[in-house]
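Notes to accompany the following structure.
Numbers restart at 1 for each chain; the letters A, B, ... are given by sequence-line order, proteins then strands.
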Number of protein chains: 2
Amino acid sequence: MRPQLDPDLLSTFLAVVQGGSISAASRAVHLSQPAVTARIARLEASVGAALLVRSVRGVTPTPAGLRLAERARALERLLAEALDEVGDDDNAVGALSLAASTTIAEHVLPSLLARFRQRHPQASIELHVGNTHDIVEAVRAGAQPLGLVEGTARAAGVRLVPWLDDELVAVVGVDAPFSVKRDSDLAQVPILWREAGSGTRAVVAAALRRAGVRTRPLPHDPVLGASTAIANAAAAGLGVAFLSRWALAPLLASGRVRTLSGLSFSIRRKFQWALPAGSLTGAAARFHRLAIQQPPAPM
Amino acid sequence: MRPQLDPDLLSTFLAVVQGGSISAASRAVHLSQPAVTARIARLEASVGAALLVRSVRGVTPTPAGLRLAERARALERLLAEALDEVGDDDNAVGALSLAASTTIAEHVLPSLLARFRQRHPQASIELHVGNTHDIVEAVRAGAQPLGLVEGTARAAGVRLVPWLDDELVAVVGVDAPFSVKRDSDLAQVPILWREAGSGTRAVVAAALRRAGVRTRPLPHDPVLGASTAIANAAAAGLGVAFLSRWALAPLLASGRVRTLSGLSFSIRRKFQWALPAGSLTGAAARFHRLAIQQPPAPM
DNA sequence: AATGGGCCATCAGTCAGACGGATAGACTGG
DNA sequence: CCAGTCTATCCGTCTGACTGATGGCCCATT
């Protein structure tokens with residue numbers, strides 16, 4: 001039991017109010033719908049009043065719910081302030097070490113790391129790049145305090161917490177010597193694969209399989225180790241690359257590649273935190289909080 | 001994991017800062033010492049900074065800890081305000097029903113119920129008086145949403161949460177025809193017992209046994225059903241009564257009884273909430289919160 | 001009218017993690 | 001030097017929060 005007002009419940013409630021439905025909020029906060037339902041129920045129990053009017057087409061806040069939402073916003077701001085303020089002039093943050101997959105390390109983290117550096121100029125930053133499997137393993141073993149991965153590699157003692165949504169977009173060089181108008185055309189062109197063990201590779205392979213595309217025998221496809229290498233290969237007309245939306249903007253801006261628009265399927269995935277059992281500490285906790293509070297946006 | 005700042009951890013932290021030691025705080029907040037140690041560790045992990053300087057003679061807050069304590073006090077106040085405010089003008093609080101042991105019902109609850117009535121003038125109040133065992137059972141069965149008991153009667157699905165400290169004080173009528181100067185004298189005088197099933201009775205019996213007092217055969221002692229009846233019997237010189245400190249003040253003020261000072265032992269116990277599994281709802285939640293926020297004081 | 005789809009509630013099963021009790025280790029005051 | 005006090009750690013237990021599956025309800029579309 002939790003007689004106090006739980007900030008987690010409050011922020012979930014705010015997401016529900018903003019989204020207008022429990023289901024929408026559940027997607028926004030990366031929880032299952034029953035979990036959000038239960039959280040709202042807990043919150044209502046702890047304030048002792050109904051907060052939402054349920055209907056078949058979503059929910060609307062009661063007057064009490066509106067008042068609470070108002071307060072909750074103020075409280076959230078205060079909590080966040082309290083959290084930053086404590087220890088901010090204690091610049092013994094020391095060393096930040098984290099592990100991330102190549103796509104994330106190349107295209108998502110730089111702006112975040114810059115913000116972190118700005119806030120903690122003294123801290124050293126060490127970024128380990130690896131594939132999903134290795135990163136999860138490193139977190140599990142305690143070798144890394146924090147990981148960021150793409151795929152879904154389960155491991156006991158490591159929690160995967162969704163963070164950002166991503167989409168893999170098929171691109172080819174603007175003057176590639178082949179055309180892809182239908183899904184089935186993919187069977188005729190080389191696909192630029194990531195290396196074995198890559199989360200991206202697994203996701204792409206699964207999507208192609210689901211779409212019924214008989215991929216060419218893998219040994220004949222080029223296998224490249226990083227998304228930038230793949231992007232360059234695609235630009236050079238070597239084949240079709242599936243690239244994160246986060247890697248796309250500069251490439252498209254350069255005019256060297258174009259996206260394929262004829263495919264019937266889309267490949268969605270999530271960037272996820274790989275968190276060790278227990279709580280984060282020190283610089284890793286700081287960085288994690290920073291990333292959650294102000295998530296970067298693609299483009 | 002809980003990336004947000006947890007108010008439970010904050011209030012525990014405040015108790016530690018105020019008490020000057022983890023052990024003292026653990027007694028104040030009714031948790032074990034390892035639990036408080038763990039909570040502080042969790043809080044430090046979530047803010048990413050050391051909050052306390054540990055020493056063998058207690059702990060002192062670090063600068064960061066002092067800043068956090070400052071903030072925490074403000075946050076606690078805001079959270080409490082938000083809790084009250086929501087639904088306070090929604091005076092459909094309806095009916096408050098709760099069960100309490102006789103001592104609590106007679107001597108602790110009245111002031112609380114008055115405060116509750118003041119805040120929710122429309123609400124009906126229903127107070128069921130019973131002994132510890134029956135109350136716990138009623139809460140377990142869902143017949144009562146909330147119970148207040150003295151003894152320790154375990155039951156699956158009911159959590160007992162300590163609330164107030166109490167002490168049972170031995171009193172006799174001012175002109176009782178016997179004197180008790182040592183523990184052993186208790187064997188010579190009638191003891192005014194509560195009924196079987198009473199939490200108080202169990203506690204007194206256990207204390208006397210521990211003190212090595214051979215109590216007289218129970219059938220010869222008067223057995224009275226409520227603390228007021230016992231108090232009146234003691235005042236009339238019928239025997240020794242063990243009365244809650246909460247029941248003592250008006251009696252002593254009346255000059256009809258005096259406390260026994262020659263005993264070597266004291267009988268401490270706690271008043272505890274009997275909470276059903278899950279969360280409290282509605283009026284019971286309101287009342288519980290009110291009681292925790294502003295606990296009554298004896299005298 | 002019937003049907004499909006979106007939304008909320010409920011249920012069962014799983015698993016992290018919070019707590020309590022016991023104990024070790026560190027230091028202080030008598 | 002010993003007793004007492006305080007914190008940290010280990011371990012077993014158990015609560016309770018989440019997921020996934022399912023059911024019921026209502027609206028929109030055909």
Side-chain angles (χ1 to χ4, degrees), chain A residues 1-4 6-9 12-13 15-16 19-46 50-61 140 152 154-162 272 275-280, chain B residues 1-4 6-9 12-13 15-16 19-46 50-61 140 152 154-162 270 275-280:
Chain A
M1 226 246 346
R2 170 177 288 278
Q4 300 242 28
D6 185 338
D8 286 346
L9 302 188
T12 305
F13 176 64
V16 172
S21 92
I22 289 183
S23 298
S26 76
R27 289 185 289 270
V29 302
H30 297 299
L31 282 174
S32 67
Q33 172 262 318
V36 175
T37 296
R39 282 189 170 198
I40 300 299
R42 258 180 285 153
L43 185 61
E44 288 182 324
S46 76
L51 298 173
L52 295 177
V53 180
R54 275 83 164 167
S55 87
V56 180
R57 283 269 168 274
V59 294
T60 52
R140 192 201 59 74
T152 303
R154 304 223 156 204
V158 177
R159 271 159 312 139
L160 293 181
V161 176
Q272 303 186 301
L275 302 173
S279 310
L280 291 179
Chain B
M1 228 245 348
R2 171 178 287 278
Q4 299 244 27
D6 184 338
D8 286 346
L9 302 187
T12 304
F13 176 64
V16 171
S21 92
I22 289 184
S23 299
S26 75
R27 290 185 287 269
V29 303
H30 298 299
L31 283 174
S32 67
Q33 172 262 318
V36 175
T37 296
R39 281 191 171 198
I40 299 300
R42 257 180 286 153
L43 184 62
E44 288 183 324
S46 78
L51 299 173
L52 295 176
V53 179
R54 277 81 164 170
S55 88
V56 181
R57 284 268 169 274
V59 294
T60 52
R140 191 201 58 75
T152 303
R154 303 226 156 203
V158 177
R159 269 158 315 138
L160 293 182
V161 176
K270 291 184 195 302
L275 302 173
S279 309
L280 291 180

Distances under 3.5 Å between protein N/O atoms and the N/O atoms of nucleotides 1-7 of chain D, please, pair by pair.
from: D:dC6; atom 1: O4'; to: B:Val56; atom 2: O; distance (Å): 3.3
from: D:dT7; atom 1: OP1; to: B:Ile22; atom 2: N; distance (Å): 2.6
from: D:dT7; atom 1: OP2; to: B:Ile22; atom 2: N; distance (Å): 3.4
from: D:dT7; atom 1: OP2; to: B:Ser23; atom 2: N; distance (Å): 2.7
from: D:dT7; atom 1: OP2; to: B:Ser23; atom 2: OG; distance (Å): 2.5

Check: If you check every side-chain atom of B:Arg159, which of D:dG16, D:dT9, C:dA16 has the closest atom?
Finding: D:dG16
Next item on the list: Report the residues that fulfil side-chain hydrogen bond (donor to acceptor under 3.5 Å, both in side chains) with B:Thr37, sequence neighbours left out, ordered by chain and then residue number.
Entry: B:Gln33
Notebook entry, point to check: Does OP1 or OP2 of C:dA18 have a side-chain N or O of B:Arg39 closer than 4.0 Å?
Noted result: no
Notebook entry, point to check: Quick one: A:His30 NE2 to D:dT19 C1', roughly how many Å, whole number?
Noted result: 16 Å
Margin query: Please report the distance, rounded to the nearest Å, between CG in A:Leu275 and C1' in C:dG17.
Written below: 15 Å
Checklist line | Sequence-distant partners of A:Arg54, salt bridge (charged side-chain N to carboxylate O under 4.0 Å, His left out), two or more places apart | finding: A:Glu44
Note to self: Which residues pass the side-chain contact (heavy atoms from CB on, under 4.5 Å) test with B:Pro34, not counting sequence neighbours?
What the structure shows: B:Ser32
Notebook entry, point to check: When we call it a touch if two heavy atoms are under 4.0 Å apart, what does B:Ala35 touch: a base, just sugar-phosphate, or nothing?
Noted result: sugar-phosphate
Check: Nearest-Å distance, CG (B:Asp6) to C1' (C:dA18)?
Finding: 11 Å
Checklist line | Whole-Å gap separating P (C:dC7) and CD1 (A:Ile40) | finding: 16 Å
Next item on the list: Using atom CZ of B:Arg42 as one end and atom C1' of D:dA8 as the other, report the distance to the nearest whole Å.
Entry: 15 Å
Notebook entry, point to check: Quick one: CG on B:Leu275 to CG on B:Leu160, what's the gap to the nearest 0.5 Å?
Noted result: 8.0 Å
Check: Residues in side-chain hydrogen bond (donor to acceptor under 3.5 Å, both in side chains) with B:Arg42, at least two apart?
Finding: none
Next item on the list: Give, for atom CG of A:Leu43 and atom CG of A:Asp6, the distance between the pair rounded to the nearest 0.5 Å.
Entry: 8.5 Å
